[in-house]
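Worksheet: the structure to be examined is printed underneath.
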Amino acid sequence: LLGEQAVDLLGHSMGGNVAMMYAGVRPERIHKLINLEGFGMGPTRPAQAPKRYAQWLDELRQYRRGELGLKPSLVSSHGFKDGPANRANHANCLKKLREGVDLAVEYGAPAVITFTGMRERDLSDATLEQNCVDCLKEAVPYAEKKGINLCLEHLNSRDSSHPMKGHPGYFGDDLARCVRIIERVGSPRLKLLFDIYHVQIMHGDVIRRMREIYDVIGHIRSEEHTSE
């Protein structure tokens, strides 16, 4: 944090814990503190720190060697704003998806996440959808070759209260549209990332919808949803 002016500091989950720790160490630098779902760290003594850090480093080494039996479920790629709905993003999307597939192979992950991107003011829904189909058709042969799924995520566009809760302007906010893109691409390696939180906000009736499109779902994510 640069300068001397107090700041508004926000953190989510582990980031919330880090924000709380910083606020405790430098309270004069904090104007407002927002902690989202950061439930605090377990009580420890300073003398425990060296052993805990050594254990953490050892576990990282074990993880890289595959000795812990843990594997990531998804690997990232391009950002949700920079998706293939805009043809100007195609080259970067293809590059990031290919890199994501290679990373998934290296670490034993079954899938790479992908997004539609945002609506464009001068483009129709049909054009935006076709752009997504064209890019993903170009991306899937490499995923097929490597045995990795690409999972297209549906996100809600309704909640504008916080950037972690909703994504106004996101093109893939309609579940049927995401499924149609997947079906048009026609690859067994392109699947849907079914996020219960976002589906509930946009459509509701989560269980019925999950059953109806179960064959195209490649990953299910469960998060807290409130009706307030």
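Every heavy atom of this structure was used, including side-chain atoms; hydrogens, water molecules and symmetry mates were not.
At distances below 3.5 Å, at least one donor-acceptor pair connects side-chain atoms of Q48 with backbone N or O atoms of R45. The closest donor-acceptor contact from the side chain of R158 to the backbone of I201 lies under 3.5 Å. A donor-acceptor pair under 3.5 Å is absent between the side-chain atoms of H198 and the main chain of L155, judged by distance alone. With hydrogens and angles disregarded, no donor-acceptor distance shorter than 3.5 Å links the side chain of N149 to the backbone of C151. When atom types are taken as modelled, the side chain of T116 and the backbone of G172 share a donor-acceptor pair closer than 3.5 angstrom.
Following chains of ILVMFWY side-chain contacts shorter than 4.5 Å, one can reach I182 starting from I213, so the two form part of one hydrophobic cluster. Taking hydrophobic clusters as Ile, Leu, Val, Met, Phe, Trp and Tyr residues chained together by side-chain heavy-atom distances below 4.5 Å, L74 does not share a cluster with L68. Note on Y22 and L33: same hydrophobic cluster, where clusters join Ile, Leu, Val, Met, Phe, Trp and Tyr whose side-chain heavy atoms are under 4.5 Å apart, directly or indirectly. Under the 4.5 Å side-chain contact rule for hydrophobic residues, V112 and L152 share a cluster. In this structure, I181 is not a member of the same hydrophobic cluster as F115, with clusters built from ILVMFWY side-chain heavy atoms closer than 4.5 Å.
Counting heavy atoms from C-beta outward, I113 and L193 have side chains that approach closer than 4.5 Å. When side chains are defined from C-beta on, T114 counts as touching L97, because their heavy atoms get closer than 4.5 Å. With contacts defined as side-chain heavy-atom distances shorter than 4.5 Å, the pair Y197/D159 qualifies. Taking the side chain as every heavy atom from C-beta outward, M210 and I217 approach each other to under 4.5 Å. Between L136 and L190, the closest side-chain pair of non-hydrogen atoms falls below 4.5 Å. You'll find the side chain of C178 reaches within 4.5 Å of the side chain of L192, heavy atoms only. A heavy-atom distance below 4.5 Å is not found between the side chains of V199 and I196. Side-chain contact between L123 and N131 is present, with heavy atoms from C-beta onward closer than 4.5 Å.
Here E67 does not pair with R61 in a salt bridge; the nearest charged N to carboxylate O distance is not below 4.0 Å. Salt bridge annotation for D125-R177: present, with a cationic side-chain nitrogen under 4.0 angstrom from a carboxylate oxygen. Between E99 and K95, at least one side-chain N (NZ, or NE/NH1/NH2) sits under 4.0 Å from a carboxylate O, which counts as a salt bridge.
Note that CG of L150 and NZ of K191 are 11.5 Å apart. Values are rounded to the nearest 0.5 Å. Note: R98 CZ to S77 OG = 14.5 Å, rounded to the nearest 0.5 Å. Separating the NZ atom in K32 from the CD1 atom in I30 is a distance of 13.0 Å, to the nearest 0.5 Å. Put simply, CG on L175 and CG on N156 are 12.5 Å apart, with the number rounded to the nearest 0.5 Å. In this structure, CG on D58 lies 15.0 Å from OH on Y53, to the nearest 0.5 angstrom. Here CG of N35 is found 6.5 Å from CG of N17. Values are rounded to the nearest 0.5 Å.
Taking the centre of each ring, H154 and H203 come in below the 6.0 Å mark. Between H219 and F194, the distance from one ring center to the other does not fall under 6.0 angstrom.
Across all non-hydrogen atoms, the minimal contact from V75 to G100 is CG1-O, 3.7 Å. When all heavy atoms of P50 and P46 are compared, the closest pair comes out as CD-O, 3.9 Å. Listed here is the closest heavy atom pair of G169 and S157: N-CB, 4.1 Å. The two residues A6 and E28 make their nearest non-hydrogen contact at CB-O, 4.0 Å. What you find for P84 and C135 is that their closest heavy atoms are CB-CB, 3.4 Å. L128 approaches A85 most closely through the heavy-atom pair CD2-O, 3.4 Å.
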- Item | Derivation and outcome, side-chain contact (heavy atoms from CB on, under 4.5 Å), residues E129 and F171 | CA-CA 9 Å; E129 182 175 317; F171 180 60; 4.1 Å; yes
- Stepwise salt bridge (charged side-chain N to carboxylate O under 4.0 Å, His left out) test for D195 and R221: CA-CA 5 Å; D195 190 309; R221 178 182 293 158; 3.5 Å; yes
- Query: Would N86 and M118 count as a side-chain contact (heavy atoms from CB on, under 4.5 Å) if you check the C-alpha gap in whole Å, the side-chain angles of each, and the deciding distance to 0.1 Å?
  - Reply: CA-CA 8 Å; N86 185 336; M118 310 301 281; over 6 Å; no
- Message: side-chain contact (heavy atoms from CB on, under 4.5 Å) for F80 and E153? Distances and angles first, verdict last.
- Response: CA-CA 9 Å; F80 75 88; E153 182 165 16; over 6 Å; no
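When the side-chain hydrogen bond (donor to acceptor under 3.5 Å, both in side chains) test is applied to K71, no partner is found at least two apart in sequence or on another chain.
Within a 6.0 Å sphere centred on CZ of R180, heavy atoms belonging to other residues, nucleotides or ligands number more than 12. Heavy-atom contacts from other residues, nucleotides or ligands closer than 6.0 Å to CE of M202 number more than 12.
Screening residues 132-146 for side-chain hydrogen bond (donor to acceptor under 3.5 Å, both in side chains) gives R87-D134, D102-Y142, Q130-D134, E144-S187 as the qualifying pairs, with residues at least two apart or on separate chains.
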